[in-house]
Structures are given as C-alpha cells and as structure tokens.
Amino acid sequence: MTSSLKNKMPAWDFRSSYGSLSSPAYRKACQRLEADIHILAGLVPNAKDSVSIAIALEHLAEVFCLTDSLIGYCRCLSAIDTREQEAAKERVRLWEIHSRYYELITELFHRLAGLKKSDPIWKELDFSKWEWLFERVSTRWSFSLSPRTLQLLYELKASNFVPCADLYHSLNAHLVATVRTMDGLTKHQSHSQCIAVLKTSEDPKLRQSTFTALNEYYSQNAYLYASIFNMLTGFRLKGFEFAEMDFMAPAYWQNAVSSEAVDALMTAVRANRHMLRKSVISRALFTGKSVMEVWDLNAPAPLRREIHIPYEEALEKIKEVGKVLDERIPETFDLFVEKGWVEVRQLPGKQNGAFFQGILSLNEPRIFSTYLGSFASMSQQAIMYWHFWLQRGLPAQERKIPRALMEVAGHFFALLLFEEIQAKAASAEEKLEALWQELSFISNYVINMGVRFDFERSFFEERKKGVVSVTKISNLLSEAWQAWYGESTAGADPYLWINRGQFYKIDDYFYNYPYIFGTVCAYGLSEIRHRMPEVFPKIYSEFLQNSGRMSVDDLFKKFFKVDITQPEFWESGLKAMKRKIAVFETEARKYSEKSVPENS
C-alpha cells in the first residue's frame, strides 16, 4: 500500500506540471504554444510534398499536445474551485488558440483528401500513424464547411460557447442549501455536498431535505439555467445547419460508433425496460415501500450501519481486481497517488462529478472526483483509474478515445469489482450492500441515462423551432421519465435537466447513450469472459490497445467476432443484468427472513 495514503485523502499536486497560472513554467508553455502556432501557420499552406507534409503533421501533433494540456490544466483548476475566475478566463483564451489549430489541421487534411490514390505523395509519405486521425477529421461534421465559415464558428465558440459551461458551474457554486438531518440538526451545504448526500448519506431525512433544497434553488434560477441550455444547443444546431447535417450524426461520430449499433442497443434496452425497472422496484420493496422515492435512487443500502470504506482500502480492492487483467496495475495505480495525480477531497466550491484529464505534453494523467467512502465512490474510482489505463502508452493522435469506449472499459472494470466484492464478502450484509450498489449502477447508467437520451433528443427537436421555455423543458423531461421509470418511482426528478452537468458540456453532447453503451457492453463482455476465461485477458488487452485507432463497430468485430448492429450481443448483456437482479432479490429475501426473528 502506498505510504502517501496514511490518514489523508489523495490531492492534486501541480508542482510537477505548471505550478500555477502565474508560474514561469506556465508562461513558458504559453509562449511556446504561440510560437508553435505561428510556425504551423507558415508550414501548412506550403505543405505540398511528402517532406513538408510530414513536417507539418509532426508540428500539428506537438501543438495538439500542448493546447490540450494547457486547456486540461485550466479545467482542473476550475474544477477544484468553480468560484475561481482566472482559470475560466484563461481557458477561453486557450480555446481561441485551439480553434486556430483546428483550422490548420482542416486545411491540411482538405489538401490530402483532394489527392488521388495514385499520387506519388502517398508512396513517399509514411502516413500509417495518421490514417485514423485523418479519417476522424475528414468525416467530422464541420469538415465540409468553407474556411471562412469554419473560422467564424470557432471564434464564436471560444468567445460565446465555451464560457457557457463556466457560467453553469458558477451558478451551481452560488448555492448554499439549508437542510435538516434525522436528528433535527440544521446544516448548510454547497452544491457538490448536496450531490454527495444524495449518493452516500444513510440519513433519509437529510436526503429528502437536500433534494428539496436543491430543487428550490433550481426553481428560483430555472430561467438562467434554461438560457444557458438554449444557448449551448442553439449554437450546435446552427453549426449543423451550416453543414446540412442531422444533429444526431455528430453525436455518433464523436463516439466512432454507427447509428445502426446505437439503434440496436436502444431497441434492445427499450424492449427490456420492464425488467430493468426491477433494479429500482426490488430495492424499494426491500425498504418496505412499493416505489422508490426519487431522492433515494442513488442512496446506499439501508442496512442500519454506517458504511465508510477508507480510500486506501478502496484502492487496494481496485488494484487486486486490476491485477487479474494486468500485473502492472497495482504499481501503476500507486504511482498515481504518490505523484499527486489523484484529487478526491471534499472542498467548498468544488465541481461535482468525476472526470479523467490527461496533460499530454507532460505525460501526466489526472483523476478528479470526490471520494465519500461508499461503494458508489469506490466503483467511480475504479472507472476513473481504468480510463487512464485505457490511454496509457498511446501516441498523442490516438489518445482521444471515443467516450463510448471509455465507458465500456471503465464500466467493465467496475463490474469486475462488484463481482470480486460479492464473491469475497465476509457477511451476508456486505454481499447485499454490494448487490444493492450494482442494481443502483444498472438503474443509474441504463434507466436514468435512457431518460436523459430521450429528453435531449426531444429538446434538440424543440430547439430547432426556437427558444424552449422552462415549462416546455419540464414537460419534455416528465415524458421521458415516465417512459423509462414507469411506476417504479414516486414522481419524477423535475430538474434532472439542471443537476446533470453532461447537458452543459462543451466538448461532448448526448453524453448519455455512451453510458448505456458502456454498461450493457460491460455485462456482455462479462459473459464472454466467463465463456473463455483463459484467453480473454489477452484479447481484451489487444482490444483496448487498438481503441484509439478503430471504430467501435470494427473493434468488436475484429477482437470478439461480435456484430454490435445486431441484437444478440446486447440481449446477452441484458440477460446478465436480469440474472443479477434476481440474485439481489434472493439475497434480500434471505436477509429479511433472517432478520424478522431478531427484531420480533
């Protein structure tokens, strides 16, 4: 066990990277970036033979690494304290430079796309490591736009679009919720603390009052949130309109997955919604209720004992599971903590949620989350650590792994963690807690994400007609909630469209179906692993190593002989979920029967 974890939580240390926005290291990196962009701007227009094209490509890779690293660094600073404005302003400036990079790479790739296959440049140029990036850029929705239109869009993105996300987080940071505990105590909580309570608190009164306080704040500021949401979506739609493209096409493109595969997934999941709702209903029944209260959807198992897993214990379990797939994992994950690359503290003003951010130019991965000592927190850590493992050792042009594949890898690892804890549980209580968390995992990443997916599609359709009112947004959300949850919950989460930050991301949109994709895939891959345990680790490792250079459809065909545009694979994953729900119901029944005499 790493010595740096004794009695303290892992925290970011930026001394090995840029230190601060005012440090000499950061200023030097910015100066280098501006110089590199200037050089690149001179190289690209003159890159017309194999030698000059190769030089331009190498410079593009360097500029990409540096801009992505500096933007990522500013993102990390903003996430630590959303009230801090300097990092947010700096990120806007960097996005302006990043926009210039995209203009230059588009100009160069347009020239390459215009070359005939017989052109001697292709024989002279070693293009193998750029083929996937070339395919990705040349099929991007904006590739067909004129240079002038592209320039205007990128300028508007930096000056008007990017600040919207910071505005959203700043609005959240102003919340101070007054809540009450089961013991009658009054507390004051930040936004991130409220989200944490709903996921980890054993106090049902605190969860309910937190949910109420959040919704009161959202209700008071709904118009502001709706304005941000409308601005983000309106900007995207205008760009797609210029490109004469349906708004779903880029959502599939950014995940390198075919629409046919997503359609097959969603068709299979929709057909199993009744079964999936049991992941909610069976937990509600265990608590003596017929339906689940919305504020209890992500609550820990109500077994009347405090659950707090120390971070060092959680990391040991994660490393133990990881070692089954690769013996290098324990040492690598320890290094993360020792280097100060993991941030899990509870801090005022901290952004809620979790993310993985690579600082490519310095080869420094960064994990962001808030660890709360619960099973949910531990599984979230497993997902984040595996997001890094997926990208380790890949060249810069392959590190932009499609989100769908990131979630496949992360959720499969979380599933292995669930299986390990359940298999080695020291008591019926511990096993039931782990099963409870797995059902919560299913309901959150499949049912709740289904709500978000359908709602976002409906919102985009409405936004095409004009600005969408708060009332209309609420109605769209209510319809999507009813379609997915049915009668499994007591009402809906009316402000789900506010309290889920994925709707306000600037780098992705429709960041909901990738979670469904990842979760159902995780169970499907688990079925394959159990059928061929001896060869699976090697095949899975090769699958991951190629995740930055192939489409999702092609990866599954090549390494698992699976056609994800057909229903069979998805149905196998859903059947595995059905069996796990049945296991929970059996264990819950045993536990309840055993507990009755003791309480009578």
Side-chain angles (χ1 to χ4, degrees), residues 4-5 8-27 29-30 67-95 162-177 188-197 199-200 311 314-315 335-373 377 380-381 383-385 387-388 499-502 504-508:
S4 60
L5 275 181
K8 63 179 182 180
M9 300 289 271
W12 273 339
D13 184 345
F14 290 111
R15 287 176 295 178
S16 64
S17 54
Y18 300 118
S20 69
L21 293 176
S22 60
S23 71
Y26 184 80
R27 289 199 300 268
C30 288
T67 52
D68 194 72
S69 297
L70 293 172
I71 289 172
Y73 171 65
C74 289
R75 179 193 186 192
C76 291
L77 293 181
S78 293
I80 286 287
D81 189 350
T82 54
R83 300 164 299 184
E84 201 278 321
Q85 296 297 309
E86 289 305 310
K89 289 193 293 185
E90 180 65 3
R91 192 156 69 129
V92 171
R93 188 186 73 83
L94 290 168
W95 267 101
V162 173
C164 286
D166 295 316
L167 181 58
Y168 167 76
H169 291 299
S170 295
L171 192 53
N172 286 342
H174 280 84
L175 165 71
V176 178
H188 301 290
Q189 297 175 163
S190 67
H191 186 268
S192 61
Q193 289 170 330
C194 287
I195 300 301
V197 162
K199 292 181 179 179
T200 64
Y311 193 87
L315 184 56
L335 180 68
F336 266 46
V337 177
E338 291 166 6
K339 290 283 190 181
W341 293 344
V342 181
E343 173 55 61
V344 302
R345 296 170 296 170
Q346 295 187 53
L347 300 170
K350 188 175 181 181
Q351 180 180 318
N352 61 291
F355 62 79
F356 169 82
Q357 178 67 55
I359 301 181
L360 301 180
S361 63
L362 302 175
N363 198 28
E364 286 192 7
R366 298 279 172 168
I367 289 175
F368 174 88
S369 66
T370 300
Y371 184 73
L372 302 159
S377 282
Q380 186 183 67
Q381 292 301 298
I383 292 170
M384 290 298 107
Y385 275 99
H387 282 181
F388 154 72
N499 67 28
R500 292 300 182 264
Q502 287 90 347
Y504 300 86
K505 287 173 67 66
I506 56 173
D507 48 353
D508 297 285

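Every heavy atom of this structure was used, including side-chain atoms; hydrogens, water molecules and symmetry mates were not.
Taking the side chain as every heavy atom from C-beta outward, R83 and P348 approach each other to under 4.5 Å. Between S192 and T370, the closest side-chain pair of non-hydrogen atoms is not below 4.5 Å. The side-chain heavy atoms of H169 and Y504, taken from C-beta on, include no pair separated by under 4.5 Å. Two residues are said to be in side-chain contact when any heavy atoms from C-beta on lie closer than 4.5 Å; I506 and R91 meet this criterion. You'll find the side chain of C30 reaches within 4.5 Å of the side chain of L70, heavy atoms only. With contacts defined as side-chain heavy-atom distances shorter than 4.5 Å, the pair F14/S23 does not qualify.
Scanning all heavy atoms of the two residues, the minimum distance from I367 to W12 falls at O-NE1, 3.3 Å. Across all their heavy atoms, A177 and C194 have their closest contact at CB-SG, 3.6 Å. The two residues H387 and F356 have their closest heavy-atom pair at CB-CB, 3.9 Å. The two residues Q346 and Y371 come nearest to each other via the heavy atoms NE2-O, 4.1 Å. Taking both residues in full, the closest heavy atoms of W341 and P365 are given as CB-O, 3.1 Å, listed atom of the first, atom of the second, then distance.
In this structure, CD1 on I195 lies 8.0 Å from CG on N172, to the nearest 0.5 angstrom. With rounding to the nearest 0.5 Å, the separation of SG in C74 from CD in E86 is 10.5 Å. With rounding to the nearest 0.5 angstrom, the OG atom of S17 is 5.0 Å from the CD atom of E364. Between the CZ atom in F388 and the CZ atom in F336 there is a gap of 4.0 Å [rounded to 0.5 Å].
Under the 3.5 Å distance criterion, the side-chain polar atoms of R366 are matched with a main-chain donor or acceptor of G340. Here the side chain of Y73 pairs a donor or acceptor atom with the backbone of S20 at under 3.5 angstrom. When atom types are taken as modelled, the side chain of T82 and the backbone of G349 share a donor-acceptor pair closer than 3.5 angstrom. Distance alone, capped at 3.5 Å, is enough to place a donor-acceptor pair between the S377 side chain and the L372 backbone.
For E343, the side chain to side chain donor-acceptor pair (under 3.5 Å) partners are R345, K350, not counting sequence neighbours. Residues meeting the side-chain contact (heavy atoms from CB on, under 4.5 Å) test with D68, sequence neighbours left out: F64, Q357, L360, K400.
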Inset, instruction - Begin from the C-alpha positions of Y26 and E90 and carry the test side chain to side chain contact (heavy atoms under 4.5 Å, CB included) through to its verdict. - result: CA-CA 12 Å; Y26 184 80; E90 180 65 3; 2.7 Å; yes
Legend entry - Candidate pair N352 and H191, rule side chain to side chain contact (heavy atoms under 4.5 Å, CB included), full reasoning: CA-CA 8 Å; N352 61 291; H191 186 268; 3.5 Å; yes
Inset, instruction - Quick one: do C164 and Y168 satisfy side chain to side chain contact (heavy atoms under 4.5 Å, CB included)? Show the steps, please. - result: CA-CA 6 Å; C164 286; Y168 167 76; over 6 Å; no
Legend entry - Full working for side chain to side chain contact (heavy atoms under 4.5 Å, CB included) between L347 and I80: CA-CA 8 Å; L347 300 170; I80 286 287; 4.3 Å; yes
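Remark: R75 is not positioned above the aromatic ring of F368, lacking an NZ or CZ atom under 6.0 angstrom from the ring centre and at most 45 degrees off the axis.
For NZ of K339, the number of neighbouring non-hydrogen atoms (other residues, nucleotides, ligands) closer than 6.0 Å is 12 at most.
No side-chain donor from either of Q351 and S78 sits under 3.5 Å from a side-chain acceptor of the other.
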